[in-house]
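See structure below.
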Amino acid sequence: MILQMNNIKKSFGDLTVLQDISMQVNEGEVISIIGPSGSGKSTFLRCATFLETIDSGEINYMGTKAAWTGADGKAEYLHKNELRKVKSWYGLVFQQFNLFPHYTVLKNLMDAPIHIQKREKKEVEEEARALLKRMGLEDKADAYPCQLSGGQQQRVAIARALAMNPEVLFFDEPTSALDPELTGEVLKVIKALAEDKMTMVIVTHEMSFARAVSDRVIFMDGGVIVEQGDPEKVFGNPSEERTKQFLRNYNR
Amino acid sequence: MTFQQMCTQLLEGLEMTLIIFFLVVIFSLPLGLIVCFGRRSKFKPLSWIVRVFIDILRGTPLMLQLLVVMYGPYFLFGMRLNPTWRFTALIIGFVINYSAYFAEIYRAGIDSIPIGQYEAAEVLGYTNRQTFMKIILPQMVKRVIPPTTNEIITLVKDTSMAFVLATTPPEMFTLAKQITAAGRMGHGAKSMLPLFIAGVFYFVLNAIVSWTMGKLEKKLAYYQ
């Protein structure tokens, strides 16, 4: 098991965004999280990647307890230095790419493996170039992000995350900032990763993509998991009324 | 006094002007970054104190500040001031004042970097220090060049305020005023020519500043 999250609760002021959510991610599994805007799915991902701190609950990566509920009922986290090790087990692809604009494509991929993971430069470069090739961007190694299309930038962002050799890769609406034409090229890359048995958790609004690529689909609404299971079951024959209603709006 | 003599004298003053200018630039640019850190500190009392200081430095005349630095040690602490103090006070006064302005420019630059840059760095495992040095600072420098150029141009002209502290040897503006005044009293030039020539020198100096900064801006234009 790669990730286990138990009874996660999170509020922003008076607004409860996550009420008691649990989820498990197994090796090689592709999970899609769908749901309306404001359902808490992005917050859930940000809690899993420690960009937000949970109020209470438990986060467990690779058998290491990274966050837990303390005696006072509030969440406690591992010390910064130990947490850094946990952070090396996952990668995150953002909606807005967030590439480093002052670095070339190749440096975007290589800087963290060399300076954070302290790996050999030569080996990192070989791996980075292979990743770019896999993304269909081998001729863009020396380009700067601003010279690339949105779809190309997002593929670089995926390659940057993969260059860290994570156990699991999270995607936060990876195609929401792209027009339909560019969406396809990014989805194709994610699909190829799924075929290579990369463990992935994808927050997305691309329903047909989620149906085709996932081993499991989670439908969230109002800060809870309403329904989850096999994609054919959730999309083809959902058991909850709220799920049906949500999917009907999409199939219009 | 011949035109040539006048120019020679003013050029000697220009040397002093340049010394003041470079000293202030060299000290205030980095000091501004430290002040900026204080202003952005999460430790509220520090950030508040720095903020008050910045407001005072921006809200009162530079000339007044120079005089306070100059006479403060005597009136406040009864210290005896030796003749070299004038020049030191001038540089200290300028550096403190300009670092306040630079700090605010840097702050605006840092705050304009999208939060996504911090988040991307955090997820990749960069420490706060690495994030600042490798990701934020280089992008900040690029963004603050235009407003920093403005301040540096103002500084070139502000060096003329050394006049009020009567530092020795005199810088260009003080000399131009002296030569002109002497002319009115019947010695020498009998014209405003010295002031005009000084004006041309300031203008040329600033042309060089803006050309240099323009070059730097172009050099960093390889990314957006």
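Labels below follow one simple rule: chain letters A, B, ... track the order of the sequence lines, proteins then strands, and each chain is numbered from 1.
Residue-environment remark: CD (Gln24(A)) exceeds the threshold of 12 foreign heavy atoms within 6.0 Å. Counting heavy-atom neighbours within 6.0 Å of Lys142(B) NZ, excluding the residue itself, gives a total above 12. Other residues, nucleotides and ligands contribute only 12 or fewer heavy atoms inside 6.0 Å of the CD atom of Glu27(A). Environment of OH in Tyr77(A): crowded, with over 12 heavy atoms of neighbouring residues, nucleotides or ligands closer than 6.0 Å. In the displayed structure, Met133(B) atom CE is contacted under 6.0 Å by at most 12 heavy atoms of other residues, nucleotides or ligands. Other residues, nucleotides and ligands contribute over 12 non-hydrogen atoms within 6.0 Å of the CZ atom of Phe37(B). Phe22(B) CZ: 12 or fewer foreign heavy atoms inside a 6.0 Å radius. The number of heavy atoms from other shown groups lying within 6.0 Å of OH (Tyr222(B)) is above 12.
Residues Gln130(B) and His115(A) come closest through the heavy atom pair NE2-O, 3.8 Å. The nearest pair of heavy atoms linking Cys146(A) to Gln224(B) is SG-N, 3.7 Å.
Heavy atoms closer than 4.5 Å to chain A are found nowhere in Tyr118(B), neither backbone nor side chain. Neither the backbone nor the side chain of Phe97(A) comes within less than 4.5 Å of any heavy atom in chain B. Looking at Gln139(B), only its side chain comes within 4.5 Å of chain A, counting heavy atoms on both sides. Only the backbone of Leu99(A) comes within less than 4.5 Å of a heavy atom of chain B; no side-chain atom from C-beta onward does.
Once rounded to the nearest 0.5 Å, the distance linking NZ of Lys80(A) with CG of Asn128(B) reads 6.0 Å. To the nearest 0.5 angstrom, Gln96(A) atom CD is 13.0 Å from Ile115(B) atom CD1. Distance NE2/His102(A) to CG/Leu220(B): 11.0 Å, rounded to 0.5 Å. One finds the CZ atom of Arg84(A) at 6.0 Å from the OG1 atom of Thr127(B) (value rounded to the nearest 0.5 Å). Atom CG of Asp111(A) sits about 4.0 Å away from atom NZ of Lys134(B), to the nearest 0.5 Å.
In terms of modelled atom types and a separation under 3.5 Å, the side chain of Gln147(A) and the main chain of Tyr223(B) share no donor-acceptor contact.
Ranking Thr49(A), Leu51(A), Leu92(A) against chain B, the residue ahead of the rest is Leu51(A), based on heavy-atom pairs under 4.5 Å. Looking only at heavy-atom pairs under 4.5 Å with chain B, the residue among Ala161(A), Ala112(A), Pro113(A) that has the most is Ala112(A).
Relative ring orientation between Tyr126(B) and Phe100(A) is described as perpendicular, the plane-to-plane angle rising above 60° on a 0-90° scale split at 30° and 60°.
The shortest side-chain heavy-atom distance between Val123(B) and Tyr90(A) falls under the 4.5 Å cut-off.
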